[in-house]
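Structure, as structure tokens:
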Amino acid sequence: MIKQMDEMVSGLKATRRRAGRIAKYWGKGMVKIVIAVTLPIWLIPYLIWRKRHG
């Protein structure tokens with residue numbers, strides 16, 4: 001029972017380390033996704049504004 005607990009705890013630590021590493025990459029990827037999604041929202045009005053004021 002104690003051995004199982006130890007294995008679980010060490011497993012959790014390893015998972016947390018892995019999760020931290022994933023979170024770093026995920027953060028970078030998320031920024032790119034947010035930019036990609038919001039880009040058309042502000043790019044189109046900007047292009048229209050440039051045509052009018054250009």
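The model shown is predicted, which means the values in this text are computed figures rather than measured ones.
Among residue pairs with one or both ends in residues 6-50, those qualifying as ring-ring contact (aromatic ring centres under 6.0 Å, His included) are Trp49-His53; sequence neighbours excluded. Annotation: side chain to side chain donor-acceptor pair (under 3.5 Å) contacts involving residues 10-24, sequence neighbours excluded, are absent.
Summarising the local packing, CD of Gln4 is surrounded by 12 or fewer heavy atoms from other residues, nucleotides or ligands at distances under 6.0 Å.
Summarising the hydrophobic clusters (Ile, Leu, Val, Met, Phe, Trp, Tyr; side-chain heavy atoms under 4.5 Å, direct or chained), the residues clustered with Ile35 are Val31. With side-chain heavy atoms closer than 4.5 Å counting as contact, directly or through intermediates, the hydrophobic cluster containing Ile48 also holds Ile44.
Pairing each heavy atom of Pro40 with each of Pro45, the nearest pair is O-CD, 4.1 Å.
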